[in-house]
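Contents: one structure, followed by commentary.
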Amino acid sequence: MRFRRWLRRSIAFLLVVVALIWAFAPQFFVLVPEGFPQPVWPAPGRHALVAGVSDPTQPPAGTAPPRAAQIRFAQSDGRALLVENAGRLTVEAYGAGLDRETRLNSYSLVKGLVGALVLRGVADGKIASLDTPVRTILGPDAPDITVKEALLMTSGLAPEGDWDKPVEDAGFSPFGPLARIHAYGVDDSLVQLQVDEGRRGHFSYQSANTAILGRLLERVYDLPLEQLLSEMIWKPAGAAGAHWRQYPDGSGVSAYCCLYARPLDWMHVGRFLMDNGTADQPFLPSAMWQEFIMPPLPTTERAQGVYGLHVRHDVLDRAEARTQGPFAYFLGHGGQVLYILPDQNSIVVRFGAHQQLLHSTLYELFED
């Protein structure tokens with residue numbers, strides 16, 4: 001008898017919990033089958049193909065990293081570490097059970113490519129300027145922000161009636177505001193996103209900005225985002241096919257996250273961006289490329305770390321080090337990094353389970 005009473009109460013309690021979740025966070029049930037985005041392909045959920053070249057370049061294997069770099073890579077549960085210098089793969093290492101054909105989750109690395117595509121949209125005349133209001137393209141339900149504010153993450157976006165919870169993805173939760181976008185797509189969430197004027201003009205890392213930019217690109221080009229990436233960056237860089245996470249209803253790819261690709265292909269893409277495409281076909285006008293990859297920032301400001309047009313900027317400036325100079329980088333959850341180092345004419349790609357020290361990773365690779 002006591003067991004039956006306990007069982008009835010337990011069932012009643014669970015039903016109440018389920019009802020509350022359904023009422024206030026229905027996205028939870030949509031995301032449960034997929035779970036948190038997995039780091040290694042294959043992964044659950046829906047994915048769109050980012051078509052690559054039919055015969056991707058297979059460079060000769062690089063050598064092992066210097067000893068200090070190997071130790072740091074192992075301690076951070078590294079999955080891939082590549083260095084390319086002047087077009088030649090010089091360092092190549094993978095974690096246990098992985099190789100150069102393994103496709104790894106970019107997490108937020110892909111945001112940098114969306115930023116590049118937005119600038120290409122301006123160069124192509126599809127977007128009038130970076131000061132274009134998003135509403136002029138996505139309609140009145142979109143938040144009252146400009147394209148540039150979304151790129152710089154200074155839009156002040158916040159979910160309706162919940163100003164204390166910006167749409168951050170650093171601590172992703174199935175109950176948080178980003179989860180609504182992750183589950184239902186950006187179109188469903190546009191009307192819920194408003195601008196907190198107190199936050200506007202101040203940097204706040206929010207994936208909603210990138211989700212909006214991704215949908216904006218699809219609107220102005222009338223093409224899926226995965227096709228735009230394939231045709232404008234991925235194939236021209238010589239990359240192999242990749243897989244981009246889609247919203248569960250198939251309404252589009254999650255522009256802010258989860259491109260499963262070979263680290264080798266991120267190396268190719270990094271070179272493509274650093275060289276601004278090819279001599280015959282520049283990816284961006286020279287001045288626009290400069291603002292994207294190497295903006296003229298004061299050294300003191302760059303040394304503090306700057307978030308630019310969906311790209312981060314920093315500098316190597318240790319007084320005792322031979323390796324010096326500014327660099328740009330894309331950063332993803334868990335310390336996935338694509339470094340672009342013009343002064344060294346080098347690209348560095350690092351994937352892993354935990355973050356490595358941003359500057360020490362480079363010094364250990366180049367100083368030895």
Side-chain angles (χ1 to χ4, degrees), residues 24-27 30-31 108 110-122 126-225 228 245-249 251-258 292 307-311:
F24 295 102
Q27 70 273 4
V30 178
L31 296 176
S108 288
V110 75
K111 285 184 171 78
L113 302 185
V114 173
L117 289 172
V118 170
L119 294 178
R120 178 62 178 266
V122 175
K126 299 290 186 178
I127 303 170
S129 76
L130 294 184
D131 295 321
T132 298
V134 166
R135 281 182 173 175
T136 64
I137 297 171
L138 295 183
D141 285 343
D144 184 19
I145 64 174
T146 67
V147 172
K148 189 172 186 177
E149 285 175 322
L151 278 173
L152 293 173
M153 301 272 186
T154 58
S155 62
L157 287 181
E160 184 177 14
D162 199 1
W163 305 116
D164 292 329
K165 293 182 179 179
V167 195
E168 304 276 1
D169 65 353
F172 181 84
S173 163
F175 301 103
L178 175 59
R180 292 198 290 266
I181 297 175
H182 207 60
Y184 299 120
V186 66
D187 292 336
D188 180 80
S189 303
L190 280 178
V191 72
Q192 298 175 345
L193 294 170
Q194 299 183 4
V195 177
D196 179 356
E197 292 298 338
R199 287 193 176 105
R200 190 171 206 159
H202 301 282
F203 174 74
S204 179
Y205 188 74
Q206 300 179 357
S207 289
N209 288 296
T210 315
I212 288 170
L213 292 173
R215 179 60 81 229
L216 182 146
L217 283 165
E218 292 182 324
R219 187 71 56 83
V220 299
Y221 279 100
D222 194 26
L223 289 171
L225 190 57
L228 287 173
R245 183 210 176 251
Q246 289 180 303
Y247 298 123
D249 65 359
S251 61
V253 294
S254 50
Y256 50 86
C257 178
C258 310
F292 181 57
Y307 192 91
L309 300 173
H310 261 42
V311 183

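Looking at Asp249 and Asp188, their side chains never come closer than 4.5 Å, going by heavy atoms from C-beta outward. With a 4.5 Å cut-off on side-chain heavy atoms, Leu119 and Leu309 count as touching. Looking only at side-chain heavy atoms (C-beta outward), Tyr205 and Ser108 come within less than 4.5 Å of each other. Residues Glu218 and Leu223 fail the side-chain proximity criterion, which asks for heavy atoms closer than 4.5 Å. Counting only heavy atoms from C-beta outward, the side chains of Thr132 and Thr146 never approach each other to under 4.5 Å.
For Arg135 (side chain) and Ala142 (main-chain N/O), a donor-acceptor pair under 3.5 Å exists by modelled atom type. Side-chain atoms of Gln246 never come within 3.5 Å of backbone atoms of Val253 as a donor-acceptor pair (strictly under, hydrogens ignored). Remark: the backbone N or O of Tyr256 is paired with a side-chain donor or acceptor of Lys111 at under 3.5 angstrom. Side-chain atoms of Asn209 come within 3.5 Å of backbone atoms of Gln206 as a donor-acceptor pair (strictly under, hydrogens ignored). Arg245 places a side-chain N or O within donor-acceptor distance of the main-chain N or O of His182, the cut-off being under 3.5 Å. Gln192 places no side-chain N or O within 3.5 Å of a backbone atom of Ser189 that could act as its donor or acceptor partner.
The line from CG of Asp196 to CG of Leu157 is 10.0 Å long, rounded to the nearest 0.5 Å. Between Lys126 atom NZ and Leu117 atom CG the span is 13.5 Å, to the nearest 0.5 Å. With values rounded to the nearest 0.5 angstrom, Phe203 atom CZ is found 10.5 Å from Ser155 atom OG. Here Leu152 contributes atom CG and Ser204 contributes atom OG; the two are 13.0 Å apart, rounded to the nearest 0.5 Å. Between atom CG of residue Leu217 and atom CD1 of residue Ile127 there is a gap of 5.5 Å, rounded to the nearest 0.5 Å. The CD1 atom of Ile137 sits 4.0 Å away from the CG atom of Leu216 when rounded to the nearest 0.5 Å.
Across Leu193 and Pro143, no two heavy atoms sit closer than the pair O-CB, 3.7 Å. For the pair Ala211 and Tyr247, the tightest heavy-atom approach, listed with the atom from each and the gap, is CB-OH, 4.0 Å. Here the closest heavy-atom approach between residue Arg219 and residue Leu138 is recorded as NH1-CA, 3.8 Å. Minimum heavy-atom separation, Thr210 to Met153: OG1-CE, 3.7 Å. Here the shortest heavy-atom pairing between Arg200 and Ile145 reads NH2-CA, 3.6 Å. The two residues Val110 and Ala255 make their nearest non-hydrogen contact at CG1-O, 3.4 Å.
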* Before giving the answer on side chain to side chain contact (heavy atoms under 4.5 Å, CB included), spell out for Val147 and Leu213 the whole-Å C-alpha distance, their side-chain angles and the decisive distance to 0.1 Å. => CA-CA 7 Å; Val147 172; Leu213 292 173; 4.1 Å; yes
* To do: Mind running salt bridge (Lys or Arg N to Asp or Glu O under 4.0 Å) on Arg215 and Asp187 for me, showing each step along the way?
  => CA-CA 8 Å; Arg215 179 60 81 229; Asp187 292 336; 3.0 Å; yes
